[in-house]
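All remarks here apply to the structure that follows.
Both backbone and side-chain heavy atoms feed into the values below; hydrogens, waters and symmetry mates do not.
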Amino acid sequence: MGSRSALLVLADGRFPAGGHAHSGGAEAAVKAGRIKDAADLESFCRGRLHTTGLTTAALAAGAAYGLDPLALDAAADARTPSPALRATARRLGRQLMRAARATWPSPGLDALAAAFPRGAHQPVVLGATALAAGLGPEDAAYCVVYESVGGPTTAAVRLLSLDPYQATAVLARLAPEMDEVAERATAAAREGVDALPAASAPLLDLTAEQHAAWPVRLFAS
């Protein structure tokens, strides 16, 4: 088990991996009127946590277990039907890789970067980063599940001028479910690539395509 401080560094929203520029679908949901207040935000984040959050957390845990990154990246592609979201995942993977190799240099990260010069899927890179940092699969899963709800929550504060205390309370209420999802993701990854969950969120896929076509937007996705 690696340093608990390494987990804090990797999970910190200030880690220079580009996540702050992405809303996790919240910007499109706000424009469509599906997120208007803290209660709507909580419902949105809960849905995202149990679908996209579970799926990507399992991919990250698999990479931290040392599963074949080529197979994991193919599995991520198969679980991401939206071309816009696939492009976003690879862009974020490339940005995370740059930060990871500067922070925790390792042959494993070098090999992954060489195999995917245009970027592997972000959760695969995150899991490989956790492994390089001496962290475990559950640590990687926790990073992803927190990111899956933390990103939209931060975005909603900016998009709606939502009270940040209310937004933080949303995250606190979701904490037990984050624990559950991280545990489920880690258990699935332990069984190998074929056992990875494929929970989907079709509305996120559809709105991601619409969002990508907007001429003006605050967030990249």
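Hydrophobic clustering, with ILVMFWY side chains joined whenever heavy atoms are under 4.5 angstrom apart, keeps L171 apart from V144. The cluster map of Ile, Leu, Val, Met, Phe, Trp and Tyr, joined by side-chain heavy atoms under 4.5 Å apart, puts V124 and L96 in different clusters. Linking ILVMFWY residues whenever their side-chain heavy atoms come closer than 4.5 Å, directly or via other members, places L126 and V9 in the same cluster. Hydrophobic clustering (side-chain heavy atoms under 4.5 Å, transitive across Ile, Leu, Val, Met, Phe, Trp, Tyr) keeps L70 apart from L67.
Of all the heavy atoms in P197 and T55, the pair that sits closest is O-CG2, 3.6 Å. Across F44 and P152, no two heavy atoms sit closer than the pair CE2-CB, 3.8 Å. When every heavy atom of A76 is checked against every heavy atom of H121, the shortest pair comes out as CB-CG, 3.4 Å. Annotation for P81 and D205: closest pair CG-OD2, 3.3 Å, computed over non-hydrogen atoms. The heavy-atom pair separating A64 from L131 by the smallest distance is O-CD1, 3.3 Å. L109 and S106 get closest at one heavy-atom pair: N-OG, 3.1 Å.
A 4.5 Å side-chain heavy-atom check between H22 and L92 finds at least one atom pair inside the cut-off. A heavy-atom distance below 4.5 Å is found between the side chains of R34 and L203. No side-chain heavy atom of W104 sits less than 4.5 Å from a side-chain heavy atom of L135. Contact of the L10 side chain with the T103 side chain is not registered, since no non-hydrogen atoms from C-beta on lie closer than 4.5 Å. In this structure the side chain of F116 never reaches within 4.5 angstrom of the side chain of M97, judged on heavy atoms. Side chains of E183 and V145 form no contact here, defined as non-hydrogen atoms less than 4.5 Å apart. Counting heavy atoms from C-beta on, the side chains of H50 and E177 come closer than 4.5 Å. In this structure, V125 and R98 have side chains that are not in contact, with every pair of non-hydrogen atoms separated by 4.5 Å or more.
Separation of atoms OH (Y65) and CD (E191) is listed at 8.5 Å; rounding is to 0.5 Å. Expressed to the nearest 0.5 Å, how far CG of L85 lies from CG of L204 amounts to 7.5 Å. In this structure, the separation between CD on Q166 and OG1 on T153 is 12.0 Å, given to the nearest 0.5 Å. Between T56 atom OG1 and L196 atom CG the span is 11.0 Å, to the nearest 0.5 Å. Between the CZ atom in F219 and the OG1 atom in T154 there is a gap of 8.0 Å [rounded to 0.5 Å]. Atom CG of L72 and atom CZ of R79 lie 9.5 Å apart (nearest 0.5 Å).
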- Item | Derivation of the side chain to side chain contact (heavy atoms under 4.5 Å, CB included) call for Y142 and D179 | CA-CA 7 Å; Y142 265 100; D179 290 343; 3.0 Å; yes

- Message: Would Q122 and E147 count as a side chain to side chain contact (heavy atoms under 4.5 Å, CB included) here? Give the steps.
- Response: CA-CA 11 Å; Q122 191 264 2; E147 179 183 60; 3.3 Å; yes

- Item | Check against side chain to side chain contact (heavy atoms under 4.5 Å, CB included), L54 and R184 | CA-CA 8 Å; L54 172 63; R184 288 173 57 197; 3.3 Å; yes

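By the 4.0 Å N-to-carboxylate-O rule, R101 lies close enough to D110 to be salt-bridged with it. Between E27 and R217 there is no salt bridge, since no side-chain N of the basic residue sits under 4.0 Å from a carboxylate O of the acidic one.
The closest donor-acceptor contact from the side chain of E209 to the backbone of A84 lies under 3.5 Å. Under a 3.5 Å cut-off, the side chain of K36 and the backbone N or O of G33 do form a donor-acceptor pair.
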